[in-house]
Structure formats: structure tokens, C-alpha cells
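One structure is given here, and the rest of the page talks about it.
Only heavy atoms go into these numbers, but all of them, side chains included; no hydrogens, no water, no symmetry mates.
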Amino acid sequence: MEIQRYWSVIRKRLWLIALITIVLCTAVGYYTTQQRPTYQAAAKLMVYQSEAPGNTSSAPDAGAINSNILLIKTFKQLILTPRILEKVAAAYPDLHTSAGELAGKIGISSVSETQIMTVIARDGSYARAANMANAVSKVFQSEIRTLMNLNNVSVLNWADPEARGGSITSSPVKNVAIAFVLSILMGIALAFLLEHMDDSVKTEQEVRAKLGLPLLADIPRIRNRDLIGPDDSERTTMGARGKPNVTLDA
């Protein structure tokens, strides 16, 4: 049956599958435990419709809303420029950071078809990440008035440095479990690949399948420890495989 054949391939390479699993799980477990926990904080900004002077209408302008949505794409690139980040680093020395470090820790996201974007900061300390997100949001809100002569950005929610945010780093147990499953699949795939590349004939059934002829005799493999002396020839031949080396088919 096919299932028996598949199982024989797996059982034959079981040592290889176990070796891959042990090595990969050990490496992933060691790497994960060496990582410092990372925390994430976010501040939300809203790009709203600026009222024109003398415009007393309170109805939202669909055209202006669409313009603000498109403007967010520009804001997402602008907020990560050295001009903004260098001002953040200079204005908030208590963060003990540089524009380059901020560029690696700050991310911007937005939900499609909305006027809201999120400034995300990641750091080994949740309080420091929250202060980074707030500082970048505040400086950007101020700088946009100078750069684009716009005053249409407000902060909806500041990140709370006092909050106890959980780590976003994956747990070692979860990573090792994923590595365990993947390593087994990799080991099984490699076992079948090696079996497919091995075209040698090993059993009487394979001879019948390939040639359509019965097996009359085979020559066993003789190891050095079986070559004791001329008087032990009979035992040596038998000991090579535990049975006579000539078989007859009826």
C-alpha cells in the first residue's frame, strides 16, 4: 500500500528528521530568548477640513475630504524625513535619541478612505516609545504649518507613557512550536527528496517491480568484523545478514 511505502521512507530517514528538528528548535529557542522585549505605542492624528475664511457652512465638503485623504499619503512620507525627525531629536533631548534612531523606530499607518493616521513607535521601554510617538506627532503638527501653510492636523489621542503596554515580541514557546512543525515538514520533504534521488535497488520486491523477474540469489555485504578467519567462513557468511546468502524462489 502507498501509506506503508510512505511510512517506510519516513522511518528510514527518521534520524535525519529528528536531527533537523532538534537543531532548528534549539536555534530558534536560543535566538528568541536572547531578544529583548519590544513595546509599541501609538498616537492618532486626524487630517480635517480647513474652514475657508467667511465660510460659515457646517456641512462637510466631500471634495475637501477626498483631498485630505490624498494628502495623508504625502504626510506619511513627510513625517519620516530628516527635517522632522532632527527637530524631534533636538526639541526632546530627554529622549536621548537621534534622527537615525527615530527613523528606525517610527512607523506611520492609516486606514484606507479615512482621514486618520497613526504614528507608531517601538522601543525596549513602553514609556519611551509613547514619548517618541507623542514628540513626533507634536513636532509634525507644528512643522506642517510652516512647510505647507496648512493647519489641518490635530491629535486625536496621545500615547500614554503611564500605561502598561504588553510586549509585542513573540513568545519563545510559540516560536519553538512553529519551528517544530516547520522542521518536521522540512525533514519529511528532504527524506522523500533523498529517496527520490536514490535509484539503487535494495529489496527483492524492487527487483520484481523493475525487471519483472524473480530473484535467484543475492550477495550480502560483509563487514570487516565478519572477516575473522578461514575457519569461520560459514559463520561469517551467515553473520553478514543473519540468514543464508542464497535464496530460491518456488
[atom1]-[atom2] distance between [X] and [Y], expressed to the nearest 0.5 angstrom:
X      : Y      : atom1 : atom2 : answer
Ile10  : Leu16  : CD1   : CG    : 12.0 Å
Phe140 : Ile79  : CZ    : CD1   : 5.0 Å
Asp160 : Asn131 : CG    : CG    : 10.0 Å
Ile116 : Ser154 : CD1   : OG    : 9.0 Å
Asn175 : Phe180 : CG    : CZ    : 15.0 Å
Arg13  : Ile20  : CZ    : CD1   : 11.0 Å

In the structure I gave you, are the side-chain heavy atoms of [X] and [Y] within less than 4.5 Å of one another anywhere?
X      : Y      : result
Met117 : Ser109 : no
Arg208 : Leu213 : no
Met46  : Asn152 : no

Heavy-atom pair of closest approach, residues [X] and [Y]:
X      : Y      : answer
Arg128 : Thr97  : NH2-CB, 3.7 Å
Ala89  : Ala99  : CB-N, 4.1 Å
Glu101 : His96  : OE1-O, 3.9 Å
Pro161 : Ala127 : O-CB, 3.6 Å

Check: Just by distance, do the side chain of Thr33 and the backbone of Tyr30 share a donor-acceptor pair under 3.5 Å?
Finding: yes

Check: Sub-3.5 Å donor-acceptor pair from the side chain of Ser167 to the main-chain atoms of Thr169, do we have one?
Finding: yes

Do [X] and [Y] share a hydrophobic cluster (ILVMFWY, side-chain heavy atoms under 4.5 Å, transitive)?
X      : Y      : answer
Val139 : Leu78  : yes
Leu24  : Trp15  : no
Val153 : Leu85  : yes
Val88  : Ile106 : yes
Phe75  : Leu80  : yes

Check: Excluding sequence neighbours, so at least two apart, what forms side chain to side chain donor-acceptor pair (under 3.5 Å) with Asp94?
Finding: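 Scan of Asp94 (side chain to side chain donor-acceptor pair (under 3.5 Å), adjacent residues dropped) gives none.
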
Check: Mind checking what makes side chain to side chain donor-acceptor pair (under 3.5 Å) contact with Lys138, not counting sequence neighbours?
Finding: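 Residues passing side chain to side chain donor-acceptor pair (under 3.5 Å) with Lys138: none at all.
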
Next item on the list: In sequence, state the C-alpha distance, the side-chain angles, and the governing distance for Gln141 and Leu45, and then conclude on side chain to side chain contact (heavy atoms under 4.5 Å, CB included).
Entry: CA-CA 9 Å; Gln141 186 185 20; Leu45 308 181; 6.0 Å; no

May I have the list of side-chain donor-acceptor pairs in residues 34-42 shorter than 3.5 Å, sequence neighbours left out?
| from | atom 1 | to | atom 2 | distance (Å) |
| --- | --- | --- | --- | --- |
| Gln35 | NE2 | Tyr31 | OH | 3.4 |
| Gln40 | OE1 | Arg122 | NE | 2.8 |
| Gln40 | OE1 | Arg122 | NH2 | 3.1 |

Notebook entry, point to check: How would you list, by chain and number, every residue that makes a salt bridge (Lys or Arg N to Asp or Glu O under 4.0 Å) with Arg83, sequence neighbours excluded?
Noted result: Glu143

Checklist line | Residue list, salt bridge (Lys or Arg N to Asp or Glu O under 4.0 Å) with Glu86, at least two apart or on another chain | finding: none

Note to self: Are more than 12 heavy atoms, taken from residues, nucleotides or ligands other than Tyr92, located less than 6.0 Å from that residue's OH atom?
What the structure shows: yes

Check: Should we say atom CE of Met186 is surrounded by more than 12 heavy atoms from elsewhere, each under 6.0 Å from it?
Finding: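 No - once you tally the heavy atoms of other residues, nucleotides and ligands closer than 6.0 Å, there are 12 at most.
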
Could you go through residues 188-198 and list every donor-acceptor pair under 3.5 Å that involves a side-chain atom there, pairing it with any protein atom two or more places apart or in another chain?
| from | atom 1 | to | atom 2 | distance (Å) |
| --- | --- | --- | --- | --- |
| Glu195 | OE1 | Lys12 | NZ | 3.3 |
| Asp198 | OD1 | Ser200 | N | 3.2 |
| Asp198 | OD1 | Ser200 | OG | 2.8 |
| Asp198 | OD2 | Lys202 | NZ | 2.6 |

Notebook entry, point to check: When you look at Ile120 and Ile108, which way does the side chain to side chain contact (heavy atoms under 4.5 Å, CB included) test go after all the steps?
Noted result: CA-CA 6 Å; Ile120 302 170; Ile108 311 297; over 6 Å; no

Checklist line | Candidate pair Val28 and Ile178, rule side chain to side chain contact (heavy atoms under 4.5 Å, CB included), full reasoning | finding: CA-CA 10 Å; Val28 171; Ile178 295 175; over 6 Å; no

Note to self: Run Thr32 and Val176 through side chain to side chain contact (heavy atoms under 4.5 Å, CB included) and show every step you take.
What the structure shows: CA-CA 9 Å; Thr32 305; Val176 171; 5.8 Å; no

